> 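Pasting a structure below so you can have a look.
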Amino acid sequence: MSSTIFIVWRESIEAMLVVGILYSWLKNQSLTDAECNASSVGMRFLWGGVATGIALAASLAFVMLKVQSELAAEALDYFQIIILLVASALITQMVLWMRSHGRHLKHDLESGLQASHEQSNWWGMFALTAIAVGREGAETVIFLYGTGLSQQNEMMSFILSASGGFVLAFCTFWILSKGTRYFSWQLFFRMSEILLLLLAAALLVSGVDHMIGLGWIPPLVDPLWDSSFLLDDSSRVGGVIAAFTGYRAQPALMLLMIYLAYWVSVSFLLRRSSRSHSSRSHSAKASV
Amino acid sequence: MNKFKLYFLLSALFFSNVVFAGLPAYKLTIKDGHFSPEIIRVAKGTRFKLVITNLGPGPEEFESKKLRKESVIAEGVTRSVVFAPLKPGKYNFFGEFHLDTAQGHIIVE
């Protein structure tokens, strides 16, 4: 039964991570009236995204349960690749946006032009939470529904271990939301950024890998190396590390190139966005 | 570069279902947390498909990092998974929901 706990934790942790970080970031905005306002708007988008994500998970699970025809199965595969790439892009964009804001939302709320730009970022947050919850949620629904049906005589122990997995994942969310109490805001923010960017890179790796698997992009050299004797990505621990960092024991050259290109462009964009942030706060100070 | 262009063109052509339907197909069933057969032999360098049936009980996730596949299959569902041509070698796959028992290999030769 420990595997039930593990699978439920594993399937819900990604969504908890994304929602947990966004939630604590929004919660720490409420210093002035304007920020308080922006933060409560943000919360509405965040929880709206979670609710949409749950609906998405249920309908995706329904489709997966019913899919029998080859055409539909193929469409589902393509859809999952698109979702992986979109989720990766949205997380990256969200980190850049959070970085450019730093702790305070008010800078951008001052002019009307930026307010409409702001609106699109809230929708980005909405889409991100909906996808994060919906993507892995669908598998959780199928797992719980299917396993539950097949274990009617051991229903009680199944329900207990499934809830155990949710509690564990929720603990992760709770630790994240309390994180700023124990760590400095700076440290908390830096760690969140790293976790989110690693997750985005892992989703990108997954999407690219599936595209190589379908023959859409050439692997170039495959595999480039084999490090499964150090860390096997098919083992339980290796699988979790793969899901959160993009680690592969036998990567193709194409995959490694895309992975490196991702980190190079992200570090370039991060440097640019924090530079524009510091120049903006300088000019804000100057105007005061 | 021309080789890649050809590669792209060919793979684009392969995406029509007409071509998929004619692919060599291999059957794989999942029952009580075990795959059957556990070893599938496939010819090298040809596109093929696995027709996976989950007889249950419960759902299973057919997964392979090496084969770059991941697909949740509910009980009683049959799904086919298409593979790009593979180089000779041994490729492991597993069922994520029964990691201890659901293990198998595709041997390409």
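Keep in mind that the numbers below use all heavy atoms, side chains included, and drop hydrogens, waters and symmetry copies. Here the structure is a predicted model, which means the values were calculated and not measured. All chains are named by letter (A, B, ...) in the order of the sequence lines, taking the proteins before the strands, and each is independently numbered beginning at 1.
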> Any idea how B:Phe62 and B:Phe93 line up, ring-wise: parallel (<30°), tilted (30 to 60°), or perpendicular (>60°)?
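Correct class here is tilted.
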> Is it the backbone or the side chain of A:Ser228 that comes under 4.5 Å from a heavy atom of chain B, or both, or neither?
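Contact with chain B is absent: no heavy atom of A:Ser228 under 4.5 Å.
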> Strictly below 4.0 Å, N to O, side chains only: are B:Glu63 and B:Lys69 in salt-bridge contact?
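Not counted as a salt bridge, because no side-chain N and carboxylate O are separated by less than 4.0 Å.
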> Looking only at the aromatic ring of each residue, does the gap between the centers of A:Trp216 and A:Tyr78 stay below 6.0 angstrom?
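So the answer is yes for these two rings.
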> For B:Val77, is it the side chain, the backbone, both or neither that has a heavy atom under 4.5 Å from a heavy atom of chain A?
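Contact with chain A is through both the backbone and side chain of B:Val77.
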> Counting only non-hydrogen atoms closer than 4.5 Å, does B:Glu70 touch chain A with its backbone (N, CA, C, O), its side chain (CB onward), both, or neither?
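Both backbone and side chain of B:Glu70 come within 4.5 Å of chain A.
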> Heavy atoms under 4.5 Å from chain A: which residues of residues 94-101 of chain B carry them?
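So far as heavy atoms go, B:Phe94, B:Glu96, B:Phe97, B:Leu99, B:Asp100 are the residues that approach chain A to under 4.5 Å.
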> Under 3.5 Å, is there a donor-acceptor pair between the side chain of B:Arg79 and the main chain of A:Ala73?
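Flag set: sc B:Arg79 to bb A:Ala73 pair under 3.5 Å.
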> Name the option with the most non-hydrogen atom pairs under 4.5 Å to chain A; the candidates are B:Val81, B:Ile73, B:Val51, B:Val72.
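Heavy-atom pair counts peak at B:Val72.
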> Crowded around A:Tyr145 OH? As in, over 12 foreign heavy atoms under 6.0 Å?
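Atom OH in A:Tyr145 is not packed in, count stays at 12 or less.
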> What are the residues of residues 250-265 of chain A, in order of number, with any heavy atom under 4.5 angstrom from a heavy atom of chain B?
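Interface residues of residues 250-265 of chain A: A:Gln250, A:Ala252.
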> CH2 of A:Trp174: more than 12 outside heavy atoms within 6.0 angstrom?
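No, not enclosed.
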> Mind listing the closest non-hydrogen atom pair of A:Val133 and A:Ala15 along with its distance?
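Looking at all heavy atoms of both residues, the shortest contact is CA-CB, 3.9 Å.
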> Ignoring hydrogens and angles, tell me if any N or O in the side chain of A:Ser161 forms a donor-acceptor pair with the backbone of A:Gly164 under 3.5 Å.
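The answer is no, because no donor-acceptor pair under 3.5 Å joins these two groups.
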> Could you check B:Arg41 against B:Glu109 for salt bridge (Lys or Arg N to Asp or Glu O under 4.0 Å), going step by step and ending with a plain yes or no?
CA-CA 7 Å; B:Arg41 288 175 194 278; B:Glu109 50 198 5; 3.4 Å; yes
> Less than 4.0 Å between a side-chain N and a carboxylate O, is that true for B:Lys66 and A:Asp222?
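A salt bridge is absent here (no side-chain N lies under 4.0 Å from a carboxylate O).
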> Quick check with a 6.0 Å cut-off and a 45 degree axis cone: is A:Arg236 positioned over the face of A:Phe6's six-membered ring?
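Yes, A:Arg236 and A:Phe6 form such a contact.
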